[in-house]
Amino acid sequence: MELNLEFYKNDLFYRKMNDEEKIIKYINENSEKDYKNIINEDSTEEVITTLSDLRKNIIYTYDFNPNCTILEIGAHFGEITGGLCEKAYKVVSVDFNKKSGDVIAKRHEDKKNLEIIIGNLEDIKFEEKFDYVVLCGIIEYAQKIYNTENPVKSLISFCKTVLKDNGKILIATDNKFAMRSYVGNIEESTDITFDSITGYKSSPKSYKLGKIELEKILQEEGFSYNKFLYPLPDYKLANSVFSDDYLPTSSKINAYFPYYKDNSYVFYSEVDAYDTIIKEDKRIFPLVANSFFIEASMTETKNDIKYVSFNNYRKSKYQLMTKIRENIVEKVPINIEAREHIKDMAYNIEDLKNNKNVEILDYYENDKIVSNFVKNKLASQIISDNKDNCEKIIRILKEYKEIIDKNVIDYKKGMNTAFDKYSINIEENTKKELHYLENGYWDMILKNCFIVDEKYIFFDQEWKEENIPAEFLLYRSISNIEKIRDKIEEYDLYEKMQIKKYIPIFEELDRKITEEIIDKTMLQFYLRRYKNPIYDSIDKEEYGKILNQKQELEELKVKDEEKIEELQNEVEKLKNDLNSIYQLKSWKFISRILKKKNKLKG
């Protein structure tokens with residue numbers, strides 16, 4: 001690592017954070033291997049987005065050419081710098097003030113392929129041109145770098161001068177029209193809620209730009225070949241990364257957790273808003289995506305990445321990256337710890353294929369789990385699409401049950417089951433009723449299965465437990481299909497599949513197994529409750545009274561409806577009695593006499 005101050009004159013601008021001095025102290029007094037412990041003790045938004053390894057996810061998304069050179073502009077505190085050093089032969093990181101330079105130098109003092117330059121872009125004399133120029137979170141501050149009519153265009157124009165002929169700009173930036181901005185996230189650049197979507201009334205120039213404006217600037221600067229990716233919840237903590245060739249479905253949107261700047265007021269659910277838009281027309285999504293990751297090139301290039309996902313909520317040793325390309329799907333570890341997990345998956349694949357006679361899509365190759373890209377719908381999606389067809393749902397569940405039942409064994413006294421491992425209280429007779437899988441691949445569920453030519457083909461078999469009930473897999477297959485959760489009771493699915501009595505112990509087992517995998521700190525961070533200006537402004541005591549009054553009125557309504565129904569039944573009974581009287585011979589005789597009497601009177 002080399003810190004170059006040759007071109008430093010004065011600080012151009014500085015991106016100040018609320019917890020800045022505390023974070024600088026963390027970096028100065030600790031090495032990167034200590035950051036996880038720091039986050040466990042201090043899990044604020046700024047600490048996590050500055051120190052977490054998850055910041056590198058956006059870099060791992062991209063396929064860098066081997067032995068490349070990278071110029072990073074606006075390195076801040078080196079959040080992604082380490083990730084770039086992993087991918088390149090040489091990295092030159094530029095920032096605009098000495099404080100940032102000192103922080104980056106301390107944080108990445110072990111990086112031999114890193115040079116840090118502090119200074120104004122126009123003053124720096126670059127000795128070479130680069131394969132890539134990376135602009136991560138700096139587009140928003142272009143007006144601090146260039147005092148021109150269009151600062152972003154000026155920045156892109158500069159990038160052209162330091163790129164090789166076939167070089168590329170990689171841009172990670174927040175969207176001016178991000179859904180999170182409509183929801184209530186505080187604007188990072190100005191600390192004003194709704195500032196970007198109302199046109200930055202507080203500033204003479206925009207900070208963030210929308211997709212259409214970014215495309216226009218890139219085209220005008222000669223970057224005719226641009227690929228936009230859409231990271232959620234954003235580029236800082238990318239968990240799901242979509243493309244125009246692979247826009248989100250309802251199930252994908254419901255699989256991520258948004259997060260917001262500390263002290264933000266959140267007016268409504270970001271996930272629900274996205275879900276509504278996607279159901280209307282998923283092509284709207286790119287315009288309101290929270291952020292962009294853009295590959296911009298002046299020459300035609302092949303980038304076959306369609307979708308990327310990460311496991312941000314898992315412990316480090318289980319964190320993998322899944323890349324869906326044009327024809328294949330790859331699953332790779334994103335850190336050294338997770339390499340063992342990939343090897344375990346390779347063993348699982350061979351065991352299922354050779355010993356369990358299960359159809360498996362995946363195979364192990366070059367330290368990766370690889371499979372062909374299948375265009376068929378997942379078995380779970382087929383069930384979701386037929387959520388109003390109980391008969392079809394039951395048929396699929398029964399066919400699935402036949403497959404997993406092929407490898408079951410009966411319980412034997414003294415058998416060490418998953419219930420014993422996780423200390424779940426269960427009666428011996430209940431254990432006997434269940435059927436066990438010796439190597440129980442408990443994620444071999446319909447969400448990880450395609451139905452192709454009536455064959456059930458599984459993938460992503462990461463986990464196994466010794467002697468786990470086959471009925472548990474059936475439970476997980478049903479409970480993990482979001483769109484039929486409201487149908488489980490209506491269709492009595494658990495009862496029809498003969499597992500209803502076991503649901504409480506299955507729920508406990510599922511929770512305890514999951515706890516072994518999940519990073520509790522990160523999950524709690526994503527599940528934080530944010531202030532809601534509507535609900536939080538309500539007088540809680542008065543609101544409680546209103547709720548009680550509402551409940552009393554609803555109870556009165558039910559009683560009134562019951563009384564009305566009772567009276568209606570009484571009226572119906574009287575009508576039936578009258579009809580019976582009208583049919584009697586005596587009534588007909590009397591009726592004729594009355595008619596004659598009335599006639600004589602007339």
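As the structure is a prediction and not an experimental result, all values here were calculated from the model.
Taking the six-membered ring where tryptophan is involved, the planes of Tyr62 and Phe293 are perpendicular, since the angle between them exceeds 60° and thus also 30°. Taking the six-membered ring where tryptophan is involved, the planes of Tyr141 and Tyr207 are perpendicular, since the angle between them exceeds 60° and thus also 30°. Classification of the Trp463-Trp442 ring pair by plane angle, with boundaries at 30° and 60°, yields parallel. The aromatic rings of Tyr318 and His341 sit perpendicular to each other, their planes meeting at more than 60°, with 30° as the lower class boundary.
Here the closest heavy-atom approach between residue Leu320 and residue Ile334 is recorded as C-CG2, 4.1 Å. The two residues Ser100 and Phe77 come nearest to each other via the heavy atoms OG-CE2, 3.9 Å. Nearest approach of Cys159 to Ile73, heavy atoms of both residues: SG-CD1, 4.3 Å. Nearest heavy atom pair, residue Asn303 against residue Lys227, reads O-NZ, 2.9 Å. Scanning all heavy atoms of the two residues, the minimum distance from Ser477 to Leu446 falls at OG-N, 3.1 Å. Nearest heavy atom pair, residue Gly82 against residue His108, reads N-CE1, 3.4 Å.
The side chain to side chain contact (heavy atoms under 4.5 Å, CB included) search around Ala178 returns Asn175, Arg180, Ser181, Asn290, not counting sequence neighbours.
For the pair Lys500 and Asp492, the salt-bridge criterion is met [side-chain N within less than 4.0 Å of a carboxylate O]. Ionic pairing of Asp443 and Arg476 is present here: one or more N-O contacts between side-chain nitrogen and carboxylate oxygen are shorter than 4.0 angstrom. Taking the charged nitrogens against the carboxylate oxygens, Lys208 and Glu188 have no contact shorter than 4.0 Å, which rules out a salt bridge. Taking a cutoff of 4.0 Å between a charged side-chain nitrogen and a carboxylate oxygen, Lys487 and Asp388 qualify as a salt bridge. With respect to the salt-bridge test (charged N to carboxylate O, under 4.0 angstrom), the residues Asp234 and Lys236 do not qualify. A salt bridge links Glu482 with Lys447: the distance from a Lys NZ or Arg NE/NH1/NH2 to an Asp or Glu carboxylate oxygen falls below 4.0 Å. The pair Lys106-Asp102 does not count as a salt bridge, with every side-chain nitrogen at least 4.0 angstrom from each carboxylate oxygen. A salt bridge links Lys261 with Glu45: at least one charged nitrogen is closer than 4.0 Å to a carboxylate oxygen. Salt bridge absent: Lys512 and Glu516 never bring a charged side-chain N and a carboxylate O closer than 4.0 Å. For Arg528 and Asp262, the salt-bridge test passes: some basic side-chain N is under 4.0 Å from an acidic carboxylate O.
Remark: the backbone N or O of Asn185 is not paired with any side-chain donor or acceptor of Ser264 at under 3.5 angstrom. Judged purely by atom type and a 3.5 angstrom limit, Gln319 has no side-chain atom pairing as donor or acceptor with the backbone of Ala338. Not one N or O on the side chain of Asp174 forms a donor-acceptor pair closer than 3.5 Å with the backbone of Gly137. Between the side chain of Asn386 and the backbone N or O of Asn389 there is no donor-acceptor pair closer than 3.5 Å.
When side chains are defined from C-beta on, Ile342 does not count as touching Val332, because their heavy atoms never get closer than 4.5 Å. Contact annotation: the side chain of Ile481 approaches that of Ser384 to within less than 4.5 Å [non-hydrogen atoms, C-beta and beyond]. Taking 4.5 Å as the limit, every side-chain heavy atom of Ser380 sits out of range of all side-chain heavy atoms of Asn480. Residues Val329 and Phe459 have side chains not in contact (no heavy-atom distance under 4.5 Å, counting atoms from C-beta outward). Residues Leu247 and Pro286 are in side-chain contact: their nearest non-hydrogen atoms beyond the backbone lie under 4.5 Å apart. Put simply, the side chain of Leu71 does not reach to within 4.5 Å of the side chain of Tyr132, judged on heavy atoms. Taking 4.5 Å as the limit, every side-chain heavy atom of Val241 sits out of range of all side-chain heavy atoms of Tyr235.
For the atom pair CD (Glu46) and CD (Glu20), the distance works out to 9.0 Å, reported to the nearest 0.5 Å. In this structure, Asp63 CG and Lys323 NZ are separated by 3.5 Å, a value rounded to the nearest 0.5 Å. How far OG1 of Thr50 is from CG of Asp19: 8.5 Å, rounded to the nearest 0.5 Å. To the nearest 0.5 Å, the span separating NE2 on His76 from CD1 on Ile138 amounts to 9.0 Å. In this structure, CD1 in Ile197 is found 10.5 Å from NZ in Lys176, a value given to the nearest 0.5 Å. Atom CG of Asp519 is separated from atom OG of Ser316 by 8.5 Å, given to the nearest 0.5 angstrom.
Cation-pi contact between Lys211 and Phe228: present, with separation from the ring centre below 6.0 Å and deviation from the ring axis of at most 45°.
Aromatic ring centres of Tyr307 and Phe242: separated by under 6.0 Å.
A donor-acceptor pair shorter than 3.5 Å cannot be found between the side chains of Tyr422 and Glu508. No hydrogens or angles considered: a donor-acceptor pair under 3.5 Å links the side chains of Thr173 and Glu140.
Under the side-chain hydrogen bond (donor to acceptor under 3.5 Å, both in side chains) rule, Asn239 has a single partner from Tyr526, Tyr256, Tyr313, which is Tyr313. Considering Phe257, Tyr259, Tyr530 in turn, Tyr259 is the only one that fulfils the ring pair (Phe, Tyr, Trp, His ring centres under 6.0 Å) rule with Phe525.
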*salt bridge (Lys or Arg N to Asp or Glu O under 4.0 Å) between Arg511 and Glu507: does it pass, once the steps are laid out?*
CA-CA 6 Å; Arg511 177 177 57 79; Glu507 288 175 340; over 6 Å; no
*Arg107 and Thr81: side chain to side chain contact (heavy atoms under 4.5 Å, CB included), yes or no, with the steps?*
CA-CA 10 Å; Arg107 182 172 188 167; Thr81 307; over 6 Å; no
